[in-house]
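The next block holds one structure in the form of structure tokens; read it before the comments.
Because the structure is a prediction, the values reported are computed rather than measured. Atoms within each ligand, like the ligands themselves, are counted from 1 in listed order. Any value given below was found using the heavy atoms of this structure, including those in side chains, with hydrogens, waters and symmetry copies removed.
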Amino acid sequence: MTVGARAWPAGHGRVVITGGAGFLGSHLCDRLVERGHEVICVDNCVTGSTANVEHLIGHSKFSFLRHDVSRPLSVDGAVDAILHFASPASPRDYLELPIQTLKVGSLGTHNCLGLAKAKDARFLLASTSEVYGDPQVHPQTESYWGHVNPIGPRGVYDEAKRFAEAITMAYHRAHGVDVRIVRIFNTYGNRMRPSDGRVVSNFLVQAVQGKPLTVYGDGSQTRSFCHVDDEVAGILALLESDHVGPVNIGNPTEFTVSELAEIIIEITGSSSEVIHEPLPVDDPTQRRPDISLARSVLGWEPRIPIREGLARTVSYLEAEVNRRER
Ligand code: NAD
Ligand code: UDP
């Protein structure tokens with residue numbers, strides 16, 4: 001689906017990023033400030049940290065607003081775009097914060113869409129591959145409606161994001177808000193929290209500490225891992241395009257979780273062993289994005305192979321673990 005092109009203010013826009021102190025949001029803050037935009041980072045730091053944006057504090061094009069976007073949000077002056085990234089994102093986080101996750105996906109998205117409507121701003125929603133649930137179509141194309149358990153523990157995240165997509169399209173159709181929806185697949189890189197419980201951070205930290213790598217289930221479930229630099233390039237390409245989406249942005253190279261463990265042991269030179277722990281409830285069996293749409297409408301595809309991306313990430317996580325232990 002495309003929309004009539006609304007002029008995008010290259011290099012001089014005013015952009016609100018919710019969740020801007022998180023992993024992905026902080027990289028978006030960096031790239032947009034580098035491109036000359038003014039960035040207003042809004043975050044309540046429930047899973048993120050101002051440490052992720054402290055290098056931007058004091059920059060004339062950057063400001064930080066501590067706010068829970070599940071409560072009404074107001075911003076003075078003109079706004080050209082709102083990037084709505086606020087939400088717990090790792091399974092460990094959203095299982096610990098089920099109500100907050102549902103609220104930020106529903107009330108938070110509603111508040112941000114209201115702001116976008118009032119400011120006549122472009123609105124980009126950070127959606128997720130989790131809208132496909134435990135998919136029965138493989139690889140996942142944007143036309144697939146998904147296979148989600150609404151009442152299982154993961155439902156708090158999956159259904160919040162599905163509602164967020166639905167209300168985004170409703171504001172687009174009913175109020176003419178200029179929207180974009182990106183479906184983000186597993187992304188890794190610098191500024192992931194070492195303790196976020198995601199597979200890449202767990203395995204890298206376990207490997208460098210010589211602890212056993214905890215493979216859940218038999219390790220035959222698959223994921224496709226995208227380096228954050230590639231992911232952010234894809235998100236910004238969508239923001240600047242005239243395509244509403246949803247568009248899958250992720251790396252289509254698929255690995256089993258056991259293969260990922262082997263690669264991480266290899267690149268870290270670790271002597272860690274692999275142990276097996278129970279598979280979480282409703283853990284998706286297979287996940288790989290079909291990125292034909294991103295390739296054709298955005299001219300985007302990932303460039304960073306997994307070994308290179310993991311090598312870039314391991315030193316960050318190691319330093320971060322040491323810093324937190326001091
Ligand atoms: P993250 O936890 O590092 O960042 C989320 C940020 O949102 C945090 O800084 C947190 O404090 C903030 N936040 C949460 N609730 C808030 C609220 N009510 N008000 C204000 N701020 C709030 O996670 P991330 O990996 O950077 O994910 C960012 C977005 O991308 C999320 O919306 C997530 O669903 C989506 N996403 C991420 C991935 C991934 O692999 N990282 C995959 C799919 C989708
Ligand atoms: N996983 C694992 N060991 C860990 C953490 C995760 O085997 O220490 C598995 C998890 O069960 C899932 C996959 O790795 O199959 C990806 O998990 P993650 O939490 O990173 O994200 P998800 O894709 O499930 O949202």
Side-chain angles (χ1 to χ4, degrees), residues 17-29 41-53 65-71 73 83-95 97 99-109 111-112 125-131 134 154 157-158 160-161 164 182-189 191-193 196-206 212-226 228 231-232 235 248-250 255-258 260-261 274-287 289:
I17 307 184
T18 77
F23 164 49
L24 288 176
S26 63
H27 286 275
L28 286 162
C29 290
C41 169
V42 184
D43 204 300
N44 66 354
C45 295
V46 67
T47 58
S49 165
T50 49
N52 289 329
V53 288
L65 174 64
R66 190 179 290 265
H67 180 74
D68 177 347
V69 298
S70 298
R71 297 173 185 276
L73 171 66
L83 278 55
H84 182 38
F85 278 68
S87 172
S90 91
R92 175 176 290 171
D93 289 341
Y94 63 70
L95 295 175
L97 300 164
I99 313 292
Q100 291 93 324
T101 302
L102 281 158
K103 284 173 75 172
V104 75
S106 54
L107 305 177
T109 306
N111 289 332
C112 293
L125 173 70
S127 185
T128 168
S129 51
E130 283 283 325
V131 300
D134 189 4
R154 292 177 89 102
Y157 182 67
D158 302 10
K161 291 291 185 178
V182 56
R183 291 186 179 151
I184 300 167
F185 283 64
N186 296 61
T187 302
Y188 69 94
R191 302 190 194 146
M192 296 182 83
R193 278 189 355 264
D196 72 5
R198 291 190 253 212
V199 68
V200 172
S201 26
N202 271 8
F203 285 2
L204 282 174
V205 170
Q206 289 162 346
L213 271 61
T214 51
V215 169
Y216 300 160
D218 66 6
S220 63
Q221 70 273 32
T222 69
R223 295 293 186 275
S224 309
F225 302 97
C226 189
V228 65
E231 188 67 44
V232 164
I235 293 166
N248 291 338
I249 298 288
F255 298 93
T256 67
V257 166
S258 291
L260 178 72
V274 167
I275 58 168
H276 291 266
E277 292 189 356
L279 191 66
V281 176
D282 294 337
D283 197 277
T285 313
Q286 275 189 310
R287 183 184 290 159

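- Near ligand 2, P91, E130, R154, N186, G197, R198, V199, N202, F203, T214, V215, Y216, Q221, R223, V257, P280, D283, R287 each place a heavy atom less than 4.0 angstrom from the ligand.
- For the pair I184 and ligand 1, the shortest N or O to N or O distance does not fall below 3.5 Å.
- Between R193 and ligand 1, no pair of N/O atoms sits closer than 3.5 Å.
- Atoms of ligand 1 found under 4.0 Å from any heavy atom of N186 (numbered from 1 in listed order, with element): 40 (O).
- The S127 neighbourhood of ligand 1 comprises atoms 44 (C), with distances under 4.0 Å to a heavy atom of that residue.
- Remark: N248 engages Y132, E142, R183, F185, P289 in a side chain to side chain contact (heavy atoms under 4.5 Å, CB included) (not counting sequence neighbours).
- Among Y94, F185, Y157, the residue whose heavy atom lies nearest to atom 33 (C) of ligand 1 is Y157.
- In terms of N/O distances under 3.5 Å, ligand 1 is not approached by P88.
- Taking the six-membered ring for Trp and thresholds of 30 and 60 degrees, F225 and Y188 have ring planes more than 60 degrees apart, a perpendicular arrangement.
- You'll find the side chain of R66 reaches within 4.5 Å of the side chain of C45, heavy atoms only.
- Qualifying salt bridge (Lys or Arg N to Asp or Glu O under 4.0 Å) partners for D68, counting only residues two or more places apart in sequence or in other chains: none.
- Of all atoms in ligand 1, listed by their number and element, those nearer than 4.0 Å to a heavy atom of G19 are 6 (C), 7 (O), 12 (C).
- Residue A89 places no N or O, backbone or side chain, under 3.5 Å from any N or O of ligand 1.
- R154 meets the salt bridge (Lys or Arg N to Asp or Glu O under 4.0 Å) test with E130, D283; sequence neighbours excluded.
- Note on ligand 1: V46 sits in its first shell, one or more heavy atoms being nearer than 4.0 Å.
- Atoms of ligand 1 found under 4.0 Å from any heavy atom of G48, numbered from 1 in the order shown, are 8 (C), 9 (O), 10 (C), 11 (O).
- Considering backbone and side-chain atoms alike, D93 places every N or O at 3.5 Å or more from each N or O of ligand 1.
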